[in-house]
Amino acid sequence: MKTYLIDSGRKTSWLALFFISIIYFFANLQKVIIPGATFDELQQLFSLDASAVTRMGAVFLGVYAAAQLFVGVLADRFGGARVIFAGGFLFCLGSLMSALEFSVMLLYFSRFLTGMGAAAIYLSMVKEIGRIAPSILPMLIGVATIIGYSGSIVGASPFIAGVDKFGYQPMVMLAGISAALFYTGYVFTALKTPLPPVKKEVRFSIASFLQVFKSPQNRSLIIAIGISFGTYFAMQSTLTKKFLEDFCKMSNNASGAVATVTMIIAAFNGFIMANISQLLKKRRRIIMIFSGVGCFTGAVAILLGVLLGRGAFLPVTGIIIMALAGNVSPIFVALLKESNPENCFGTVICVGNFFAYAVSAAFSGCAGKLMDVYQPQIVDGVKVYGQQSYLLVFSAFALVGLISALLALKVKESYGKDISALFYRN
């Protein structure tokens with residue numbers, strides 16, 4: 001029987017994986033640079049209020065979330081490489097268009113294309129790693145994830161410094177051109193390797209997505225972690241830099257440094273939590289509770305800092321706690337796998353990813369609306385928001401954080417074993 005698994009020793013196969021991981025790096029970079037690293041620049045370029053700027057992040061994350069429901073099915077049907085061919089093209093086109101300053105509507109459209117393309121990268125990358133080197137799948141996913149999350153780190157302080165020195169358009173254009181070069185390298189490399197046959201029997205089914213929420217374990221896990229990750233990522237991709245500069249009076253470089261630190265925490269936190277779980281004899285529930293309670297605690301710390309109005313210590317502490325709590329994805333994925341039958345695991349992961357990024361998109365958009373309830377001050381052409389605006393935002397974050405904490409307490413322990421029979425009965 002003919003096999004389509006590629007010999008992991010072939011240089012072209014490894015080169016293809018290298019190119020995919022770099023494309024994933026740029027996908028993570030694009031998640032945080034607009035509006036996160038360029039909030040004030042966008043306000044000045046297009047004379048926008050906060051809701052208009054945060055809507056750019058919401059557009060990206062919204063389409064990214066929705067596409068999660070389709071990417072898994074497309075990758076199973078057509079193979080990861082073909083999905084990256086199509087998604088990578090949209091991603092690079094949107095990234096390049098994001099540098100153009102013609103109109104706000106064009107920028108919205110470019111973020112839509114970028115988000116749609118970026119959504120295709122991660123699941124397709126996992127699919128390709130499994131096809132090319134299945135025997136070392138976990139290790140390679142870990143390496144690729146660290147490379148990818150490095151994009152978020154570079155998109156914080158280093159990118160902000162670049163925008164300060166060279167301006168918005170040159171930096172965003174550089175990011176787009178770099179991504180396009182690596183995408184082109186991937187296409188030429190991947191076309192030199194055999195692609196798997198199209199599996200025409202794999203079809204999209206709405207009913208299978210709805211079935212996920214019939215399990216009480218899935219409901220608690222997906223909603224709790226979706227809120228925890230969603231609030232953290234909305235902070236990171238949209239609000240952190242703006243809030244620290246507006247309210248805490250931190251400099252551009254200092255606020256960028258905080259954003260960079262939280263991205264480093266998020267990049268390595270999943271690996272750390274996986275090892276903690278192993279040390280605790282594969283206990284998962286305590287880490288889920290830490291995630292939910294940490295989300296709530298971090299939001300409350302920021303809220304207290306805004307209420308007291310005394311420096312940056314409490315807000316920065318809260319942001320770091322949210323970063324620690326927001327990314328526990330290896331444990332989240334493991335517990336979903338242990339709580340669901342094998343034949344629906346892929347669907348459950350798609351729904352979990354969709355919900356997490358849908359929450360991020362909703363929070364990014366709503367934050368801007370809440371900020372604009374109160375009139376900002378204009379300082380050097382930039383709209384600076386005050387205490388009342390941020391009280392509204394972080395009161396909302398604390399409220400949903402409480403929901404996350406309560407749902408996390410309802411999660412059942414698995415100890416690394418299959419407990420799906422507790423939630424699925426014949």
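Just so you know, these numbers use all the heavy atoms, side chains as well, and skip hydrogens, waters and symmetry mates. By convention here, the first residue in the shown sequence is residue 1.
Residues D49 and Q43 share a closest heavy-atom pair of C-NE2, 4.0 Å. Nearest approach of G176 to L96, heavy atoms of both residues: C-CD2, 3.5 Å. The two atoms that bring F213 and R219 nearest to each other are O-NH1, 2.8 Å, heavy atoms only.
Legend: side-chain hydrogen bond (donor to acceptor under 3.5 Å, both in side chains) pairs involving residues 384-408, not counting sequence neighbours, sorted by first then second residue: D246-Y390, D372-Y385.
With values rounded to the nearest 0.5 angstrom, C248 atom SG is found 9.5 Å from L314 atom CG. With rounding to the nearest 0.5 angstrom, the OG atom of S414 is 5.0 Å from the CD1 atom of I419. In this structure, S51 OG and M56 CE are separated by 10.5 Å, a value rounded to the nearest 0.5 Å.
Annotation for I206: atom CD1 does not count as buried by contact number, only 12 or fewer foreign heavy atoms lying within 6.0 Å.
In terms of the side-chain contact (heavy atoms from CB on, under 4.5 Å) criterion, residue partners of I223 (sequence neighbours excluded) are, by chain and number, I227, F355, L407. Every residue was checked against the salt bridge (charged side-chain N to carboxylate O under 4.0 Å, His left out) condition with E41, not counting sequence neighbours, and none meets it. Residues satisfying the ring pair (Phe, Tyr, Trp, His ring centres under 6.0 Å) test with Y122, not counting sequence neighbours, are Y24. Residues forming a side-chain contact (heavy atoms from CB on, under 4.5 Å) with S157 (at least two apart in sequence, or on another chain): T260. Contacts of L392 classified as side-chain contact (heavy atoms from CB on, under 4.5 Å), with partners at least two apart in sequence or in another chain: L370, V373, Y374. R284 is linked by a salt bridge (charged side-chain N to carboxylate O under 4.0 Å, His left out) to E338, counting only residues two or more places apart in sequence or in another chain. In this view, D164 and N252 satisfy the side chain to side chain donor-acceptor pair (under 3.5 Å) rule, not counting sequence neighbours. With sequence neighbours excluded, the residues forming a side-chain contact (heavy atoms from CB on, under 4.5 Å) with V212 are N218, I222, T347, V348, V351, listed by chain and number. Applying the salt bridge (charged side-chain N to carboxylate O under 4.0 Å, His left out) rule to D40 yields the partners K242; only residues at least two apart in sequence or on another chain are considered.
Panel note: side chain N340, backbone L336; a donor-acceptor pair is recorded below 3.5 Å. Between the side chain of R111 and the backbone N or O of F60 there is no donor-acceptor pair closer than 3.5 Å. With hydrogens and angles ignored, the 3.5 Å screen pairs a side-chain donor or acceptor of T262 with a backbone N or O of A259.
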Side-chain donor-acceptor pairs of residues 360-368 under 3.5 Å, sequence neighbours excluded:
residue, atom, partner, partner atom, Å
S360, OG, A356, O, 3.2
S364, OG, T238, OG1, 3.2
S364, OG, S360, O, 2.9

Which pairs of donor and acceptor atoms, one on a side chain in residues 289-302, lie under 3.5 Å apart (sequence neighbours left out)?
residue, atom, partner, partner atom, Å
S291, OG, S228, OG, 2.9
S291, OG, A325, O, 2.7
T297, OG1, V293, O, 2.8

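Aromatic ring orientation, F18 versus F182: perpendicular (interplanar angle above 60°, classes split at 30° and 60°). Taking the six-membered ring for Trp and thresholds of 30 and 60 degrees, F229 and F233 have nearly parallel ring planes, at less than 30 degrees apart.
The pair K241-E245 meets the salt-bridge criterion, since a charged nitrogen lies less than 4.0 angstrom from a carboxylate oxygen.
Taking the six-membered ring for Trp and the full ring otherwise, the centers of F25 and Y149 sit at least 6.0 Å from each other. Ring centroid separation for the pair F394 and F397 comes in under the 6.0 Å cut-off.
Partner L42 forms a side chain to side chain contact (heavy atoms under 4.5 Å, CB included) with one of T54, V104, V53 and no other, that one being V53.
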